[in-house]
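Note sheet for the following structure.
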Amino acid sequence: MTAVTADQTAQAGAGRPEGADEALEAAFDRAVAADERIEPRDWMPDAYRASLVRQMAQHAHSEIIGMQPEANWISRAPSLRRKAILMAKVQDEAGHGLYLYSAAETLGTGREELLDKLHAGRQRYSSIFNYPTLTWADVGAIGWLVDGAAITNQVPLCRCSYGPYARAMVRICKEESFHQRQGYELLLTLSRGTPAQHEMAQDAVNRWWWPSLMMFGPPDDASAHSAQSMAWKIKRHSNDELRQRFVDICVPQAEALGLTLPDPDLRWNEERGQHDFGAIDWQEFQEVLKGNGPCNEQRLTQRRRAHEEGSWVRDAAVAYAEKHTAVRNGEATA
Amino acid sequence: MSSSTEWPLWEVFVRSRRGLSHTHAGSLHAPDAEMALRNARDLYTRRSEGVSIWVVPSAQVTASSPDEKDSFFEPAGDKPYRHPTFYEIPEGVKHL
């Protein structure tokens, strides 16, 4: 543990007499109410810490699992331009995972521990990545819809009450914008291409639309963590609010693409000033969450394999570092 | 399965362009200083965000304690005369 991050034993308030906790909790509540940021060594309620670790771990895992469906198409990209873009995007996702793992680490939970839990199936990642990428157009649909939904979710997280998480999100949001635009441009190119290419783009949008809406999580009245997260200002808007915002953003974008969204109930509601949209199949969401999605098994197996097959690299790097430290020390004393 | 020793944590500071100070960008794990620099380049300057990087072992950073933040910074609290706005200057006096 380190001085700047998460030494829980050395954090504010450790070892205080009983009863002092209430004063600390009051100070924490005041800071949150005043929209101040909570920093790693500040006192915080255990449940706040646990809630943040759960959310940040899920978020970090989603970034690195999210590399798989797209990496699937790197070797089959239709041009060098598209290939270079896709590689840059997949590399960004790895980077986003690392920002978030180190943000989580400031709370005293190391990256290895989180990866172990992911590999053991004890922590989740976003369900969206359990759907397959069947065609090249899926790369576009993921950029436009999946990254678009992620941005809608993540922009408010830049103002999250926990400083390191908010700072990681600022960086991530800047980079996600490229992800979304490259996807949109890819779909636009296909949509304006041959009839077969247009059809491929439409098919991808048809398959990714509903899972993208599910990315905002269960409806507000069924969301287990929402109310508390909002009270702590980890979350700033409810699931349904963000989902509605996303639908309203996507409708004109789809029109500009010349593609339709696969929802017969989707229409402008003059009175509300928002779009009405059809019912989401929450049964499907629950099934994918339980592990019964099309690719759950494949994603986790691939992740474990990558980790195991990379172990010799990690070991070699440690051996190299140790050897060179020894040589340097030997020289110093010689 | 993998090595039992987790790579140490490093704090990364990036100078975004000449003329500016290095600013804390974040942290990362690496087995040694050289790899920490390379990882920092790949992680924090993928879009030309920097012209210079420092990496420091996180364990080497000594930080003030949030516990004593009030008393620690208190000495500056009652010295408004350290600010130029403390002083009243007659109207019309220039270049002060």
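Chain letters run A, B, ... following the sequence lines, proteins first and then strands; every chain starts at 1.
Of the two parts of Ala30(B), neither the backbone nor the side chain holds a non-hydrogen atom closer than 4.5 Å to a non-hydrogen atom of chain A. Interface residue Arg111(A): backbone and side-chain heavy atoms are both found under 4.5 Å from chain B. If you measure heavy-atom distances from Tyr101(A) to chain B, you find no contacts under 4.5 Å at all.
Tyr99(A) places a side-chain N or O within 3.5 Å of a backbone atom of Leu43(B) that can act as its donor or acceptor partner.
Highest contact tally toward chain B, considering only His324(A), Glu175(A), Glu39(A), is held by Glu175(A) [criterion: heavy-atom pairs under 4.5 Å].
The heavy-atom pair separating Ala321(A) from Pro31(B) by the smallest distance is CB-O, 3.5 Å.
Heavy atoms from other residues, nucleotides or ligands lying under 6.0 Å from CZ of Arg47(B) number more than 12. Residue-environment remark: NZ (Lys79(B)) exceeds the threshold of 12 foreign heavy atoms within 6.0 Å. Arg38(B) CZ: 12 or fewer foreign heavy atoms inside a 6.0 Å radius.
Using a cut-off of 4.0 Å between Lys/Arg side-chain N and Asp/Glu carboxylate O, Arg328(A) and Asp32(B) are scored as not salt-bridged.
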Discussion item. Working note: Glu105(A) + His29(B), criterion side chain to side chain donor-acceptor pair (under 3.5 Å); need CA distance, chi angles, decisive distance, verdict.
Written reply: CA-CA 11 Å; Glu105(A) 190 154 359; His29(B) 287 276; 2.7 Å; yes
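Here Arg171(A) contributes atom CZ and Glu49(B) contributes atom CD; the two are 6.0 Å apart, rounded to the nearest 0.5 Å.
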